[in-house]
Amino acid sequence: MVKQVRQERAIRTRNALIESAAALFARHGYEVVSLSTISARAGVSNGALHFHFPSKAALAEAVGVAAAQRFGRIIAGEVLPAQRGGVPERGGVPERGGLPERGGLPRHEGAPVYGVSSRYEGVPERGALPRRLEAPRRWDVPRRDEAASKQSAASRQNSALQTLIDTSHALLRGLSHDAVLRAGFALGDGAGVVGRGEDLYRRWQEWVAESLARAEREGLLARGLAVRDAVTAVVGATIGFAVLGGQDGQWLSRTTLTRFWTLLLPRLATPTALEGLMASGRLPETPR
């Protein structure tokens, strides 16, 4: 029993040091952060820090491993704890002015953003009256083309393009809330400062390229569109948002990314593929 309590305490201490180091690395950079600052922020002694991590490089490596694991869960479609409707963690990137997005309430699936529909489907003209709903008759049977249309729409919402949209939203949500994920991108940016962190930027580029190649195989991409050009646009924009979001959290907001997809999708996808796609992404479901 005593041994188990000690092990649990050691795990909590180690995780606290990783979280503390990640927040400081993401905010100030690896080089300028001292081990004493990390231990003080985590609320542990320097001796406890050196018991778990013999050097700052070893601690940075642990941050990189944790970030790579969280990134892997994002591209696998899993929901991270910080993305389940909670408040940003300590050290999270606030939006400029500290105000919520317009409306102040979480948007439901397919909700419009600043007057722009985030679902690509027709809307009634201004002043038009809604159609009168008639009571169904027992002998009414759905037509085959209607059933096929519904099946096709459901298929599009599970397509490679919708998965790409959803995952890009999940990534920016993660970068907004999760200091470990932000630090992982910063430490493994290819600059060789630490030399041990995985390059998550390159991993994201590879995943986007695989997703768009699958979308091409599914026949979803517009005729004449080169996959490499689509990869350049998506990766360039999302990584740009990630970098800018380090200073202004609005760049990591759902509104910003939805506007990007609203602009890009008509050029990226076929007219048929556009129907049912949600530029705002499908919100992750909270596990019960």
Side-chain angles (χ1 to χ4, degrees), residues 71-80 83-84 106-113 116-123 142-175 200 202-242 252-287:
F71 178 81
R73 291 171 62 187
I74 288 174
I75 60 177
E78 298 181 25
V79 181
L80 300 182
Q83 298 182 15
R84 292 174 183 161
R107 297 189 180 88
H108 59 77
E109 187 170 295
V113 178
V116 179
S117 174
S118 59
R119 183 192 289 272
Y120 286 91
E121 55 188 22
V123 296
R143 296 184 305 174
R144 286 188 177 182
D145 56 344
E146 292 177 350
S149 177
K150 291 180 180 179
Q151 183 178 6
S152 179
S155 176
R156 284 190 295 272
Q157 290 198 11
N158 292 314
S159 67
L161 282 181
Q162 188 62 62
T163 300
L164 174 58
I165 295 168
D166 296 343
T167 305
S168 66
H169 278 283
L171 176 61
L172 292 198
R173 280 195 303 272
L175 289 170
L200 297 184
R202 180 171 295 279
R203 190 172 168 188
W204 172 243
Q205 178 180 347
E206 293 171 351
W207 186 87
V208 170
E210 292 172 0
S211 298
L212 286 169
R214 183 162 66 90
E216 184 181 42
R217 292 193 297 270
E218 293 177 2
L220 303 176
L221 300 187
R223 181 178 300 178
L225 178 71
V227 173
R228 65 178 180 276
D229 294 337
V231 172
T232 298
V234 174
V235 173
T238 51
I239 288 180
F241 296 155
L252 300 176
S253 71
R254 189 180 181 206
T255 299
T256 297
L257 190 55
T258 297
R259 287 173 170 173
F260 164 73
W261 283 117
T262 300
L263 177 68
L264 181 65
L265 282 174
R267 178 66 182 88
L268 181 67
T270 65
T272 301
L274 282 176
E275 299 177 8
L277 286 178
M278 297 183 63
S280 60
R282 296 170 296 184
L283 289 175
E285 297 182 358
T286 303

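Values below: all heavy atoms of this structure, side chains included; hydrogens, waters and symmetry mates excluded. In this text, all values refer to a predicted model and were calculated from it rather than measured experimentally.
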- Message: The test is side-chain contact (heavy atoms from CB on, under 4.5 Å); show your working for Ser253 and Phe241 and say whether it passes.
- Response: CA-CA 9 Å; Ser253 71; Phe241 296 155; over 6 Å; no
Can you tell me how far [atom2] of [Y] sits from [atom1] of [X], rounded to the nearest 0.5 angstrom?
X: Ile75; Y: Thr163; atom1: CD1; atom2: OG1; answer: 12.5 Å
X: Arg259; Y: Ser280; atom1: CZ; atom2: OG; answer: 13.0 Å
X: Leu265; Y: Ile165; atom1: CG; atom2: CD1; answer: 4.5 Å
X: Leu257; Y: Arg254; atom1: CG; atom2: CZ; answer: 10.0 Å
X: Leu161; Y: Asp166; atom1: CG; atom2: CG; answer: 11.0 Å
X: Ile239; Y: Trp204; atom1: CD1; atom2: CH2; answer: 9.0 Å

Side-chain donor-acceptor contacts of residues 220-234 below 3.5 Å, not counting sequence neighbours, with atom names and distances?
residue: Thr232; atom: OG1; partner: Arg228; partner atom: O; Å: 2.9

- Check: Thr167 side chain, Leu164 main-chain N or O, donor-acceptor pair, under 3.5 Å: no
- Message: So does Leu252 get a backbone contact from the side chain of Thr256, meaning a donor-acceptor N/O pair under 3.5 Å?
- Response: no
- Any side-chain donor near an acceptor of the partner, Asn158 and Gln162, under 3.5 Å: no
Validation: residues 208-219 side-chain donor-acceptor distances under 3.5 Å, sequence neighbours left out:
residue: Ser211; atom: OG; partner: Trp207; partner atom: O; Å: 3.0
residue: Arg214; atom: NH1; partner: Glu218; partner atom: OE2; Å: 3.0
residue: Glu218; atom: OE1; partner: Ala160; partner atom: N; Å: 3.2

- Query: Is there side-chain contact between Ser168 and Trp261, with heavy atoms separated by less than 4.5 Å?
  - Reply: yes
